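Notes follow once the structure below has been shown.
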Amino acid sequence: MRNSSVILASSNQSFLLKNASCVLTMNPRQLDNGAVDALGTLRNINILVRDGIVVSVEPAQNYAIIPTDARVIDATKWLILPGLIDSHVHPIFAGNRAAETVMKARGLSYEEIAARGGGIRMSSNSTRAASNSELQENFLRHAQNALARGVVLMDAKTGYGLSAEEELRHLKCIIDACEKEHTRPAIAATLLGPHAASPEIPDFDKFLDTLLEKLPELSKIANDAVAKGTLVSAAADIFIERKYFTKEQGERWLNAALNLKLDVHVHADEFSRSGGSEIAFSLAKARKQLPLRKAKSGRVLSVDHCQFATENDLSKLASVGVTASALPCTSFVSGIPYVDAKIWRASGVKVAIASDFNPGSAPINNIWLACWLALTKCGFSLNEVIAGVTINAAYALGAEHGFGTISVGKTANILAVEGNNPEDFFASPIGDHVRMVMRAN
Ligand code: NIG
Ligand code: FE
């Protein structure tokens with residue numbers, strides 16, 4: 001049964017969200033008593049949207065005359081906030097790894113399962129065997145499920161290719177699917193070629209050489225799709241971890257990507273303090289990146305997982321404007337430790353929260369469960385969690401200018417859940433309370 005409606009707000013259309021009980025703009029506001037309301041909470045508000053842009057956010061009582069051309073939507077019973085952003089997602093794959101759930105239940109770890117031929121390699125086999133149309137259908141199904149739950153901007157990592165040619169095919173599938181179908185979240189594409197060992201080229205350095213050779217072509221295709229407006233942004237990523245890629249290999253891949261004007265992310269410090277966050281810091285520092293990033297591309301955006309990153313590692317990321325992403329669904333499924341919000345808070349780093357949806361370590365395409373676990377298992381506060389899937393997730397994808405807040409002049413990416421207080425964000429751990437998703441198109 002459908003319990004939410006998806007509205008694509010495009011040109012020549014106007015909408016009035018009337019008398020919203022509570023609006024979290026995510027623009028921090030100083031209160032009369034001097035305290036800061038980080039959520040930018042407003043009460044009894046009308047939001048007017050024209051041509052996919054928010055044109056006014058005002059107290060409902062100021063509205064003597066309702067614009068006649070606007071479709072009026074009653075928001076009296078709604079908590080409204082910016083559309084959600086899932087900033088770390090692996091949605092282009094085929095097949096499943098259900099058998100691993102049974103193995104995990106018997107006590108095998110993610111690394112032990114990978115050593116027995118499971119893991120990323122297994123998903124790569126089924127993804128390689130899938131046709132372009134099957135991959136596109138799968139990708140769009142995942143993207144549309146996310147949109148129905150309120151996700152207006154979603155990361156889309158490749159990474160199940162494990163060869164340069166397959167990586168190219170998967171990137172093209174993402175772009176082609178986005179061109180064909182507009183009822184989906186906006187997409188930020190991420191090239192995760194160096195995700196695990198290639199079956200044909202088991203030597204990691206040699207495999208990386210083949211990916212580096214292909215990178216100019218990959219980045220041209222991705223950057224062209226950004227210029228055309230098909231993608232929101234284009235980035236590269238690498239899995240830096242024992243038995244996967246080393247710090248040095250990470251540095252080579254990420255530097256090459258930055259030189260091609262791609263943004264970069266790092267899968268880092270997930271099973272051990274692998275040095276991924278250190279590399280991100282040193283690359284950002286070498287490029288003189290500051291907490292308020294000015295560039296529009298070639299940025300070190302985020303370091304993700306970070307279970308084993310120290311407070312000092314995270315503080316360094318804060319000093320150069322790199323966001324750290326907590327991915328608690330991976331801990332939930334794979335039995336690895338949850339991150340400790342106390343350490344992240346003390347470090348001052350900007351925190352994003354994402355699903356890490358993928359067929360193995362987190363087969364959960366549900367940003368709400370990530371939020372729930374971030375609150376209840378990691379210890380992040382309500383404000384931190386909501387910022388983590390709105391404005392901070394926008395920073396993690398380098399999309400802070402277009403997404404993550406409800407602001408006059410910004411695109412109308414808006415979510416409504418049933419409720420009238422910020423706490424109602426947590427009314428359901430799976431998003432059953434989503435009532436309306438507006439995505440500017
Ligand atoms: O983010 N850590 C590496 N990559 C993915 C796992 C992918 C998989 O298990 O298929 C992750 O958890
Ligand atoms: Fe991941």
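Note that this is a predicted model, so its numbers are computed, not measured.
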Whether Phe357 and His142 hold their rings parallel, tilted or perpendicular, with breakpoints at 30° and 60°: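 Rings of Phe357 and His142: perpendicular, as their planes differ by over 60°.
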What is the distance from atom [atom1] of [X] to atom [atom2] of [Y], rounded to the nearest 0.5 Å?
X: Asn223; Y: Leu260; atom1: CG; atom2: CG; answer: 8.0 Å
X: Leu208; Y: Ser198; atom1: CG; atom2: OG; answer: 11.5 Å
X: Arg97; Y: Ile113; atom1: CZ; atom2: CD1; answer: 8.5 Å
X: Asn255; Y: Leu212; atom1: CG; atom2: CG; answer: 10.5 Å
X: Ser163; Y: Leu168; atom1: OG; atom2: CG; answer: 9.5 Å
X: Tyr244; Y: Phe271; atom1: OH; atom2: CZ; answer: 6.0 Å

Check the pair Leu215, Trp253 against side chain to side chain contact (heavy atoms under 4.5 Å, CB included), reporting the backbone distance first and the verdict last. CA-CA 9 Å; Leu215 191 57; Trp253 173 251; 3.6 Å; yes
Any donor-acceptor pair under 3.5 Å linking the side chain of [X] with the backbone of [Y]?
X: Ser282; Y: Ile279; answer: yes
X: Arg128; Y: Gly161; answer: yes
X: Glu278; Y: Gly275; answer: no
X: Gln144; Y: Thr183; answer: yes
X: Thr127; Y: Ser123; answer: yes
X: Lys410; Y: Phe403; answer: yes
X: Asp269; Y: Ser274; answer: yes
X: Glu112; Y: Ser109; answer: yes
X: Asp340; Y: Lys342; answer: yes
X: Arg184; Y: Leu147; answer: no

Over all heavy atoms of both residues, which pair between [X] and [Y] is shortest? Give the atoms and the distance, please.
X: Val385; Y: Cys371; value: CG1-CB, 3.6 Å
X: Thr158; Y: Leu171; value: CG2-N, 4.0 Å
X: Ala156; Y: Phe139; value: CB-CE1, 3.9 Å
X: Pro194; Y: Leu211; value: N-CD1, 3.6 Å
X: Ser355; Y: Ile364; value: CB-O, 3.8 Å
X: Gly159; Y: Glu167; value: N-OE2, 3.2 Å

Check whether any side-chain heavy atom of [X] lies under 4.5 Å from a side-chain heavy atom of [Y], and answer yes or no.
X: Pro199; Y: Arg121; value: yes
X: Ser272; Y: Glu241; value: yes
X: Ile414; Y: Val54; value: yes
X: Cys173; Y: Ile92; value: yes
X: Leu84; Y: Val152; value: no
X: His433; Y: Leu79; value: no
X: Leu262; Y: Leu191; value: yes
X: Ile391; Y: Lys350; value: no

Which is it for Phe93 and Asn138 under the side chain to side chain contact (heavy atoms under 4.5 Å, CB included) test, yes or no, and what are the steps along the way? CA-CA 7 Å; Phe93 64 87; Asn138 288 355; 5.7 Å; no
[Y] and [X] side chains, donor-acceptor separation under 3.5 Å:
X: Ser302; Y: Asp304; result: yes
X: Asn441; Y: Ser10; result: no
X: Asn312; Y: Thr310; result: no
X: Ser133; Y: Gln136; result: no
X: Asn27; Y: Ser407; result: yes

For Ser126 and Tyr160: C-alpha separation, side-chain torsions, deciding distance, then whether side chain to side chain contact (heavy atoms under 4.5 Å, CB included) applies. CA-CA 9 Å; Ser126 44; Tyr160 292 109; over 6 Å; no
Can a salt bridge be assigned to the pair Asp356 and Lys157 using a cut-off of 4.0 Å between side-chain N and carboxylate O?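 Result for this pair is no, no salt bridge flagged.
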Is Asp224 salt-bridged to Lys228, cutoff N-O under 4.0 Å?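 Result for this pair is no, no salt bridge flagged.
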Member of Thr25, Ile386, Val23 meeting the side-chain contact (heavy atoms from CB on, under 4.5 Å) criterion with Leu39: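 Option passing the side-chain contact (heavy atoms from CB on, under 4.5 Å) with Leu39: Ile386.
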Does [X], at its [atom1] atom, have more than 12 non-hydrogen atoms belonging to other residues, nucleotides or ligands within less than 6.0 Å?
X: Met26; atom1: CE; answer: yes
X: Tyr338; atom1: OH; answer: yes
X: Arg116; atom1: CZ; answer: no

Asp209/Arg252 under side chain to side chain contact (heavy atoms under 4.5 Å, CB included): CA gap, chis, key distance, verdict: CA-CA 10 Å; Asp209 288 341; Arg252 278 172 72 205; 2.4 Å; yes
Are His267 and Phe245 close enough, and set up right, to give a ring pair (Phe, Tyr, Trp, His ring centres under 6.0 Å), and what steps lead you there? CA-CA 10 Å; His267 276 71; Phe245 291 86; over 10 Å; no
Mind checking whether His90 and His195 have ring centres under 6.0 Å apart?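 Judged by ring-centre distance (under 6.0 Å), His90 and His195 do meet the cut-off.
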For the ring pair Trp368 and Phe425, is the centre-to-centre distance below 6.0 Å?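 Yes, ring centres under 6.0 Å apart.
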Let's go through Thr411 and Asn413 carefully: what are the C-alpha distance in whole Å and the side-chain angles of both, what is the deciding distance for side chain to side chain donor-acceptor pair (under 3.5 Å) to 0.1 Å, and is it a yes or a no? CA-CA 6 Å; Thr411 43; Asn413 289 299; 3.3 Å; yes
So Glu165 and Lys214, salt bridge (charged side-chain N to carboxylate O under 4.0 Å, His left out) or not? Walk me through it. CA-CA 8 Å; Glu165 278 310 319; Lys214 198 60 141 187; 2.7 Å; yes
